[in-house]
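Below you'll find the structure, written out as structure tokens, and then a few comments.
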Amino acid sequence: MKKSFYITTPIYYPSAKLHIGHAYCTTLCDVLARYHRLKGDDTYFLTGSDEHGMKIEKNAALNNKSPQEFVDEIVVGFKKLWKALDISNDDYIRTTEKRHVETVQKIFSYFLKNNDIYLGEYEGWYCKECEAFWTDIQVGEEHLCPDCHRPVSKAKEEAYFFKTSKYLDDLLKIYDSNEKFITPESRKNEMINTFIKPGLEDLCVSRTSFSWGIPVKENPKHVIYVWLDALVNYISALGYLQKDDTLFKKFWLNDNCEKVHVLGADITRFHAIYWPMFLKALNLPLPNREFVHGLLMTKDGKMSKSKGNTIDPYPLIEEYGVDAVRYYLAREVNFGSDGQFTPEQFVERINMDLANNIGNLLNRTLSMINKYYDGVIPQFISNINNPYDSDLDQTIINSVKEYEECLNDLRVTDALIAATKIGARANKYIDETTPWVLAKQEDKTPLQSVMTHLAYSLYVSAVLLSIVLTRKSKEILLQLGLDGNINYETILNQHILDNVKINKGLPLFPRLDETIEVEKIKQMMNIK
RNA sequence: CGCGGAGUAGAGCAGUCUGGUAGCUCGUCGGGCCCAUAACCCGGAGGUCGGUGGUUCAAAUCCGCCCUCCGCAACCA
């Protein structure tokens, strides 16, 4: 049976402009989605926005707009950024859309009927800012919100609650049975130590203190509180409890479909604890993996408006191209740990991996094919007397294998390291075989094997990197004389370039002058 | 003692689970090559692995204590 793959980003909150940190997360998901499509898996990639809540209501009022107008405008900006970054999402879910609202309401009603949700009066420590209730242990002796450290106060409010106790055993079983359900593992331990061991409270799933939300049908003065609303996007977008639920059946209900949520550490709790419980209560399958990605920070620490150190992805895309930005994001920071954005590293990464390695390899190879073979790649042959040929062949096979293993395990960074090994090996191969010497020999067989090996190495590199270099990979194939279509099935076909007329063009990635470009980027960063 | 992460060559990191000649990328210095985008290839220098005490024949790696930095609380993946 054909494999399928469903991947989601968090749905971003439209209260401010997106910065490179959001681009980071979305790009990683996009790379994974493109990989699975490339491999021929049935793939569905979802992103979207989480548009309800008190903060939106407030911000809209400050701007003299209705909440809907307010979010509509911001969401246009979100979509524009994803387009600029070549994000290949199959759908974009907005929690204010009818399809989502209806699904959430149906789920809420079902939970009510099923006794998973009850109307209670909560008396507890309430943090107004976080819109959250906390336990005695959690607020401590000083009665501070464990989340925002502001003072909390005893509050009583009529509210609906989800009975977490009913599903706690299920949750622990999930953790035990699937080691990779939440990764990195430290995130799972954090959940257990911080929230489960101290005693998990029932989750408050409605609010009466604001109105910008999905109304509870049975009791319209309540709106459904953020997490029951937001998390459901992952299935409402597929048509769950809607007239047309083809996608939901095809992906979510499909045992052969790997379902992956990528998320930030700040929302781990909701994804790791409540989302599995909701799904259990609905008797639905669980996602296979919840991957908590690291933060892309600057030297001043985490990016934030107040620090003035946020980085807008647009100027970077304009100046260096979408391929370079995507490559930087996918390669620089080890997926799962925090990383630092510095202008120096940005420029260095592009120069080393893209200009010097793959770009220069293409340029020097095509020059030689022009010079020695009038621009036509000869038939692929291997020189048995040349140990370097078999070594390069082996490197390619190993790299492809490693690339697949890494991506199957969501390790994007490692996969790219594997992919760029081919270019590095091929550059070395040129020095080892000295084709300019071979060209002077009468027997052209050795030269032929070198040139065809180089061309093929470039072909494989282009295909592997196509999930990141959405445009330049095609460019490589075009310069090699192919039509620019990426096809993974032919990746191990060494004869794909036999007798193809190359079409040498400009350097793929011009080498950047570090001093000048670092200065430029620093200026971009100062335009707060 | 709030929770969590981190301290390894000039920079950024891997290695720590499963103790046993300290590794990668970049920079730097020297050499090579000339097909190429001052690129590519080879070699050298550079680290008492935050500190300290312990376990051990042996510790970056295991255990104890201490120090420093960062994130989780303000619009913020």
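Letters go in sequence order (proteins before strands), and every chain restarts at 1. It should be emphasised that the depicted structure is a prediction, and the values quoted were computed from it without experimental measurement.
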Pairing nucleotide - [N], Watson-Crick or G-U, each distance under 3.5 Å:
N      : result
G23(B) : C13(B)
C3(B)  : G71(B)
C65(B) : G51(B)

When you get a sec, tell me which of [options] is the closest nucleotide to the side chain of [X]?
X         : options                : result
Lys428(A) : C26(B), C76(B), C41(B) : C41(B)
Ser186(A) : G5(B), G12(B), C40(B)  : G5(B)
Asp431(A) : C40(B), C75(B), C33(B) : C40(B)
His19(A)  : U25(B), C35(B), C76(B) : C76(B)
Arg511(A) : A77(B), C33(B), U37(B) : U37(B)
Ser15(A)  : C75(B), G12(B), C35(B) : C75(B)
Ala355(A) : U37(B), A77(B), G12(B) : U37(B)
Glu348(A) : G4(B), G71(B), C26(B)  : C26(B)
Met352(A) : G27(B), C76(B), G12(B) : G27(B)

When all nucleic acid strands are considered with a 4.0 Å heavy-atom cut-off, which category describes [X]: base, sugar-phosphate, or nothing?
X         : value
Tyr13(A)  : sugar-phosphate
Leu361(A) : nothing
Asn363(A) : base
Gly21(A)  : base
Asp266(A) : sugar-phosphate
Asn360(A) : base
Pro510(A) : base
Leu362(A) : nothing

Which whole number of Å gives the distance between the [atom1] atom of [N] and that of [M]?
N      : M      : atom1 : answer
G51(B) : A11(B) : P     : 15 Å
A73(B) : G4(B)  : P     : 16 Å
U56(B) : G44(B) : P     : 39 Å
C62(B) : G7(B)  : P     : 12 Å
U16(B) : G23(B) : C1'   : 14 Å
A58(B) : C70(B) : P     : 38 Å
G19(B) : C63(B) : P     : 11 Å
G46(B) : C24(B) : C1'   : 15 Å

Is the distance from the ring center of [X] to that of [Y] below 6.0 Å?
X         : Y         : value
His271(A) : Tyr234(A) : yes
Tyr274(A) : Trp227(A) : no
Phe346(A) : Tyr320(A) : yes
Phe70(A)  : Trp212(A) : no

Thr47(A) side chain to Tyr12(A) side chain, donor-acceptor N/O pair below 3.5 angstrom: no
Would you check if there is a donor-acceptor pair between the side chains of Thr342(A) and Gln340(A) at a distance under 3.5 Å? no
Closer to the 5' end of RNA chain B via nearest nucleotide, is it Ala424(A) or His293(A)?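 Of the two residues, Ala424(A) wins.
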Closer to the 5' end of RNA chain B via nearest nucleotide, is it Pro435(A) or Cys25(A)?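 Nearest-nucleotide comparison on RNA chain B picks Pro435(A).
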Measure [atom1]/[X] against [atom2]/[N] and give the value in whole Å, please.
X         : N      : atom1 : atom2 : answer
Ile267(A) : C72(B) : CD1   : P     : 14 Å
Arg187(A) : A6(B)  : CZ    : C1'   : 12 Å
Arg331(A) : U25(B) : CZ    : C1'   : 7 Å

Between Glu517(A) and Lys520(A) (salt bridge meaning N to carboxylate O under 4.0 Å), is one present in this structure? yes
Taking only N and O in the side chain of Thr434(A), is any of them less than 4.0 Å away from OP1 or OP2 of C35(B)? no
Under 6.0 Å from the six-membered ring centre of Tyr314(A) and within 45° of its axis: does the NZ or CZ of Lys80(A) meet both? yes
